[in-house]
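These notes are about the structure you will find just below.
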Amino acid sequence: MNQKTRGRLFSGWFILVMVELAAIISIGIFFFYQQNEDALVVYCAHDAVFSEEILKAFEQKTGIKVEPRFDTEATKSLGLTNLIIREQNHPRCDVFWNNQTLGTVDLKERGLLEAYQGEGYSRIPDQFKDVEGYWTGFAARLRVYITNTEKLNASKESIDQKLSGPLNEVAIAKPLYGTTLTHYTVLCDAWGLDELKKWHHSLEKREIQETSGNASVKNLVASGACALGFTDTDDYFVAVDEDRPVAVLPVTVDGRVILIPNSVAIIKGTKKREQAELLVDYLLSEEVELKLARSQSRQIPLGKVDWTHVPETVRKFQRSIENAYPLSNLVIQRAKTLAWLKSEYVK
């Protein structure tokens, strides 16, 4: 066989291999996109370290593929809420697992949710769900003062005294996002926007330490850089597990605590309604509420559960469920608060 013949044979073999390789890649791409199209797309504002385990358990239980999308610590909840609003004409999300309720209520008012009242909905108390079934709350956190016990007692008297003077040793997350926005919305409802503005500007004048998120507040207090901070119970429990010298006292407004549930809703226009309903029922189940109660975030169950299976550190907050500030009708207050905060921060 001469060199020219060998060259032709090699060229033919090379072309055949490349054609087969291209076919394999094409099949792989086809199945990749087919799997993605089959997946239930979940926008999730709850911390990935806790929520991924729940979503994987749902996949194993049902065989339904889940494709989660998470957001950053600083902008999660609000970032995903805004993304759903931007995508409303061509929705990509099927189910929204928010780590609070006010943004989800806003989506309902915009007509971007579909109602569903399944078996999960029925086990959640009325005060934590939409009367028409457009969203349902579950597994809550408390808004709390966190103190470094080497610097400050977690008593009302000590905290009030600390908040009345210079605030260079007090930390709070930027209120544009997350549960601090919920906190400000509650204050807007209870005090009125003008009084909220005065309080906020007073914090600034007295040099409160403003951070990117609740986790940063927790870190400042746990390390002793600050004596006091505004945060949530899930971040507090992270510090407890790190064996830091911390304690908490629930924040109260008009004698009521700020209890912030997770919420779940089906996005309008989903093409996977049946799968979405199954996930909603799963997230609202006793099984999931107990898993979240026993997780590092120590979420407080809202539906009926066997409280003997709930850690003692969570059981002590059980009474808070009946003393929660109502959040479901604060859409206008949230909009007013957010518009003002944007004028303060987005310049």
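Residues T270 and D94 have side chains that bring a donor and an acceptor to within less than 3.5 angstrom of each other. Under 3.5 Å, the side chains of Y116 and D281 contain a donor-acceptor pair of N or O atoms. Under the 3.5 Å distance criterion, with hydrogens and angles disregarded, a donor-acceptor pair is assigned to the side chains of R206 and S202.
R92 places no side-chain N or O within donor-acceptor distance of the main-chain N or O of V41, the cut-off being under 3.5 Å. S285 places a side-chain N or O within donor-acceptor distance of the main-chain N or O of V288, the cut-off being under 3.5 Å. Between the Q275 side chain and the I64 main chain, no donor and acceptor come within less than 3.5 Å of each other. Using modelled atom types, one side-chain atom of S223 and one backbone atom of L220 make a donor-acceptor pair closer than 3.5 Å. Side-chain N or O atoms of Q100 include one that pairs as donor or acceptor with a backbone N or O of G178 at under 3.5 Å. Between the side chain of E114 and the backbone N or O of Y134 there is no donor-acceptor pair closer than 3.5 Å. Between the E242 side chain and the F237 main chain, no donor and acceptor come within less than 3.5 Å of each other. Of the possible donor and acceptor atoms, none in the side chain of R294 sits under 3.5 Å from a partner among the backbone N and O of P311. Of the possible polar contacts, one joining the T149 side chain to the P245 backbone as a donor-acceptor pair under 3.5 Å is found. Counting only distance, with no hydrogens or angles, the side chain of N153 and the backbone of S155 share no donor-acceptor pair below 3.5 Å.
Within a 6.0 Å sphere centred on CD of E322, other residues, nucleotides and ligands contribute 12 heavy atoms or fewer. In this structure, I85 places its CD1 atom where more than 12 heavy-atom neighbours from other residues, nucleotides or ligands lie under 6.0 Å away. Other residues, nucleotides and ligands contribute only 12 or fewer heavy atoms inside 6.0 Å of the CD atom of E53. The environment of D160 atom CG is dense: over 12 non-hydrogen atoms of other residues, nucleotides or ligands sit within 6.0 angstrom. Crowding of Q88 atom CD: a count of heavy atoms from other residues, nucleotides or ligands under 6.0 Å exceeding 12. Enclosure of atom CG in N329 is not indicated, since only 12 or fewer non-hydrogen atoms of other residues, nucleotides or ligands lie within 6.0 angstrom. Heavy atoms from other residues, nucleotides or ligands lying under 6.0 Å from NZ of K151 number more than 12.
Inter-residue side-chain proximity for V42 and C93 is flagged as unmet; no heavy-atom pair is nearer than 4.5 Å. Considering only heavy atoms from C-beta on, S158 stays 4.5 Å or farther from K162 through its side chain. The shortest distance between side-chain heavy atoms of V217 and D235 does not fall below 4.5 Å. The shortest distance between side-chain heavy atoms of T147 and V246 does not fall below 4.5 Å. Contact annotation: the side chain of D241 approaches that of R298 to within less than 4.5 Å [non-hydrogen atoms, C-beta and beyond]. Side-chain atoms of E344 and H201, non-hydrogen and from C-beta on, do get closer than 4.5 Å to each other.
Results of the side-chain contact (heavy atoms from CB on, under 4.5 Å) test with K272 over L40, L279, D38 single out L40 as the only residue that passes. For the side-chain hydrogen bond (donor to acceptor under 3.5 Å, both in side chains) test with R143, the passing option among T233, T231, N214 is N214; the others fail. Of the listed residues (L187, T185, D189, I332), just one forms a side-chain contact (heavy atoms from CB on, under 4.5 Å) with T337, and that residue is T185. Test N99, V314, L292 against Q299 for side-chain contact (heavy atoms from CB on, under 4.5 Å) and you get one pass: L292.
Note that OG of S263 is 11.0 Å distant from CG of D130, once rounded to the nearest 0.5 Å. In this structure, CH2 on W340 lies 4.5 Å from NE2 on H200, to the nearest 0.5 angstrom. Rounding to the nearest 0.5 Å gives a distance of 10.0 Å between CD of E59 and CD of E52. The structure places CD of Q60 at 11.5 Å from CG of L55, a figure rounded to the nearest 0.5 Å. Atoms CG and CZ, on N262 and F138 in that order, are 4.5 Å from each other to the nearest 0.5 Å. Considering CG of L102 and OG1 of T104, their distance stands at 8.5 Å, rounded to 0.5 Å.
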| request: Please step through side chain to side chain contact (heavy atoms under 4.5 Å, CB included) for the pair Y345 and K174, ending with a clear verdict. | output: CA-CA 9 Å; Y345 289 92; K174 184 182 293 186; 3.9 Å; yes
| said: Between Y145 and V248, does the side chain to side chain contact (heavy atoms under 4.5 Å, CB included) criterion hold? Intermediate values first, please. | reply: CA-CA 5 Å; Y145 301 108; V248 292; over 6 Å; no
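The residues D106 and R110 are annotated as salt-bridged, a charged nitrogen and a carboxylate oxygen being separated by less than 4.0 angstrom. The pair E312-K316 does not meet the salt-bridge criterion, since no charged nitrogen lies less than 4.0 angstrom from a carboxylate oxygen. A salt bridge links R141 with D232: at least one charged nitrogen is closer than 4.0 Å to a carboxylate oxygen. Using a 4.0 Å cut-off between charged side-chain N and carboxylate O, R123 and E286 make no salt bridge.
Note that K61 lies outside the cation-pi zone of Y282, set by a 6.0 Å cut-off to the ring centre and a 45° limit from the axis.
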